[in-house]
Amino acid sequence: MDPRSGYLFVYKPPGITSSDLVLTLKRKLKTKAIGHTGTLDRFAEGLLILPICDYTSFSQVFLGLDKTYYAEVLVGKRTDSGDPDGVVEIDSVEESLEIFQSKFTIQELEQELRNLEKITQQSAPKISALKVGGKRQSDLVRMGVEVEEKIRSIRIYSVSSVAKEEFGFSFRVHVSSGTYIRKMILDLSGQWGIPLTLQRLVRERIANYDLSFATHLDSVDLSQVKSWKEILPLPYRKVEPSEKKGILHGGYVWDKLPNASDLGFYLVDEDGETLLAWCTRKGKPDHLPYRYRKVFFDPHQKIMFSK
């Protein structure tokens with residue numbers, strides 16, 4: 001396994017894409033192997049979890065985790081995308097703020113936003129990076145092409161910290177993976193008859209990992225890489241030296257295997273630190289004790305085997 005392998009927790013600043021951030025880190029850390037576990041829009045900021053080197057194999061594990069955001073909503077302006085990067089459709093801030101302030105007390109605003117917790121389905125914003133026939137959906141929509149709405153199941157676990165602000169309002173929201181916060185705001189704009197735009201969005205938490213884990217982009221270095229024991233501590237079995245070569249050639253161990261969830265378990269070197277393999281019982285053939293999700297490179301054996 002590459003000794004640089006691990007997880008980086010980075011604070012993405014607003015104004016750059018998640019891809020730009022990854023490219024910057026690839027140059028800075030001199031590695032081509034940096035994955036991602038869910039991107040943020042250009043205007044958004046906050047927590048990104050980036051697997052490094054061999055740990056890119058674990059990217060999929062984090063994609064489906066729930067997330068918590070802090071949102072600031074500007075009343076009086078509406079863009080086609082629902083965020084500051086979109087094309088302005090309505091701009092009537094002073095008039096709309098007056099209507100908003102008279103229409104909603106803080107208690108009424110809290111109730112309106114907590115009604116979001118009842119939502120179980122959401123269509124993706126028309127202005128999005130989703131691909132339709134190999135082209136970005138946003139490009140097609142702005143060319144006047146009609147696109148079919150793609151509806152997905154979501155959960156909005158809670159809305160909290162609702163506040164009225166000089167510019168409009170703010171709140172926190174805990175949601176399932178795949179939930180578009182700016183689409184929530186576009187839908188509210190339609191329901192209330194008031195122009196709304198998501199002015200600021202901060203991803204504060206991914207499952208149990210919050211911003212206390214994150215390092216700002218300018219300060220990132222390899223000393224901040226976190227290991228599997230810190231971030232994804234699945235059950236594991238230590239491998240004897242006599243068993244190790246067989247594993248690296250795709251063989252199996254049959255005894256002393258740990259109980260494990262759907263995420264599986266590890267086989268680790270006798271030092272208890274170095275990952276040799278990531279295994280799961282889910283989807284395994286009946287005649288085998290588990291299947292390998294990844295067998296990691298051993299620099300001493302000069303072998304890599306995965307399936």
Side-chain angles (χ1 to χ4, degrees), residues 8-18 21 36-50 62-79 81-86 93 97 100-101 104-119 122 124-125 127-128 154-189 191-192 194-219:
L8 275 174
F9 287 70
V10 181
Y11 193 104
K12 184 188 102 60
I16 65 169
T17 68
S18 299
L21 182 144
H36 73 80
T37 58
T39 61
L40 285 168
D41 288 333
R42 180 189 294 272
F43 83 98
E45 59 193 282
L47 181 61
L48 287 178
I49 300 178
L50 304 177
F62 294 88
L63 283 173
L65 297 180
D66 57 287
K67 299 170 177 69
T68 299
Y69 297 91
Y70 167 74
E72 293 181 354
V73 180
L74 175 64
V75 171
K77 183 178 286 189
R78 179 184 169 106
T79 68
S81 62
D83 64 45
D85 294 332
V93 173
L97 273 172
F100 170 76
Q101 295 294 354
F104 296 111
T105 65
I106 183 61
Q107 292 80 13
E108 290 168 333
L109 179 61
E110 287 177 343
Q111 185 58 55
E112 285 285 328
L113 293 177
R114 289 194 174 123
N115 284 339
L116 295 171
E117 297 170 8
K118 301 173 185 176
I119 295 174
Q122 184 186 58
I127 304 301
S128 74
I154 63 166
R155 284 196 65 185
I156 300 175
Y157 300 104
S158 66
V159 176
S160 62
S161 306
V162 177
K164 295 179 79 171
E165 310 281 1
E166 185 178 352
F167 53 78
F169 62 96
S170 62
F171 64 100
R172 282 186 171 81
V173 61
H174 176 201
V175 298
S176 62
S177 177
T179 304
Y180 287 95
I181 310 304
R182 57 191 175 91
K183 184 58 164 63
M184 290 166 49
I185 302 309
L186 284 170
D187 290 344
L188 284 176
S189 180
Q191 292 168 26
W192 295 352
I194 299 173
L196 302 174
T197 291
L198 188 56
Q199 176 176 262
R200 185 180 182 217
L201 186 68
V202 183
R203 185 191 285 166
E204 297 183 322
R205 181 180 288 272
I206 300 174
N208 296 324
Y209 315 109
D210 62 22
L211 288 175
S212 66
F213 286 77
T215 302
H216 281 263
L217 180 57
D218 293 341
S219 305

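- Residues satisfying the side-chain hydrogen bond (donor to acceptor under 3.5 Å, both in side chains) test with Gln199, not counting sequence neighbours, are none.
- Separating the NZ atom in Lys164 from the OG1 atom in Thr105 is a distance of 6.5 Å, to the nearest 0.5 Å.
- Between Leu188 and Leu113, the closest side-chain pair of non-hydrogen atoms falls below 4.5 Å.
- For Gln122 (side chain) and Tyr180 (main-chain N/O), a donor-acceptor pair under 3.5 Å exists by modelled atom type.
- Of all non-hydrogen atoms in Arg182 and Gly82, the two that sit nearest each other are CB-O, 3.9 Å.
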- prompt: Run the side-chain contact (heavy atoms from CB on, under 4.5 Å) check on Val10 and Thr215 step by step: do they pass?
  reply: CA-CA 5 Å; Val10 181; Thr215 302; 5.8 Å; no
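- Between the CG atom of Leu65 and the OG1 atom of Thr37 there is a distance of 8.0 Å, given to the nearest 0.5 Å.
- Separation of the Phe104 and Phe169 ring centroids does not fall under the 6.0 Å cut-off.
- Residues Pro195 and Ser189 come closest through the heavy atom pair CA-OG, 3.6 Å.
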Pair Val173-Ile181, side-chain contact (heavy atoms from CB on, under 4.5 Å): steps then yes or no: CA-CA 9 Å; Val173 61; Ile181 310 304; 3.8 Å; yes
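- Heavy atoms only, all atoms of each residue included: Tyr11 and Val202 are closest at OH-CG1, 3.7 Å.
- Contact detail for Ile106 and Val162: the closest heavy-atom pair is CD1-O, 3.9 Å.
- How far CG of Asn115 is from NZ of Lys118: 4.0 Å, rounded to the nearest 0.5 Å.
- The aromatic rings of Tyr157 and His174 sit tilted relative to each other, their planes meeting at an angle between 30° and 60°.
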side-chain contact (heavy atoms from CB on, under 4.5 Å) evaluation trace for Arg155 with Asp66: CA-CA 9 Å; Arg155 284 196 65 185; Asp66 57 287; over 6 Å; no
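- Listed for the Asp41 side chain is no donor-acceptor partner under 3.5 Å among the backbone atoms of Phe43.
- Of the candidates Lys12, Arg200, Arg203, Glu45 forms a side chain to side chain donor-acceptor pair (under 3.5 Å) with just one, namely Arg200.
- Between the side chain of Thr197 and the backbone N or O of Lys77, at least one donor-acceptor pair lies under 3.5 Å.
- The CZ atom of Arg172 sits 4.0 Å away from the CD atom of Glu204 when rounded to the nearest 0.5 Å.
- Proximity of a side-chain donor or acceptor of Ser170 to a complementary backbone N or O of Ala71 within less than 3.5 Å is not detected.
- Nearest heavy atom pair, residue Leu21 against residue Ile16, reads CB-CD1, 3.9 Å.
- Considering only residues two or more places apart in sequence or on other chains, Phe171 meets the ring pair (Phe, Tyr, Trp, His ring centres under 6.0 Å) condition with none of them.
- When side chains are defined from C-beta on, Phe213 does not count as touching Ile49, because their heavy atoms never get closer than 4.5 Å.
- In this structure, Thr79 OG1 and Leu186 CG are separated by 6.5 Å, a value rounded to the nearest 0.5 Å.
- A distance of 9.0 Å separates CD in Glu117 from OG in Ser160, rounded to the nearest 0.5 Å.
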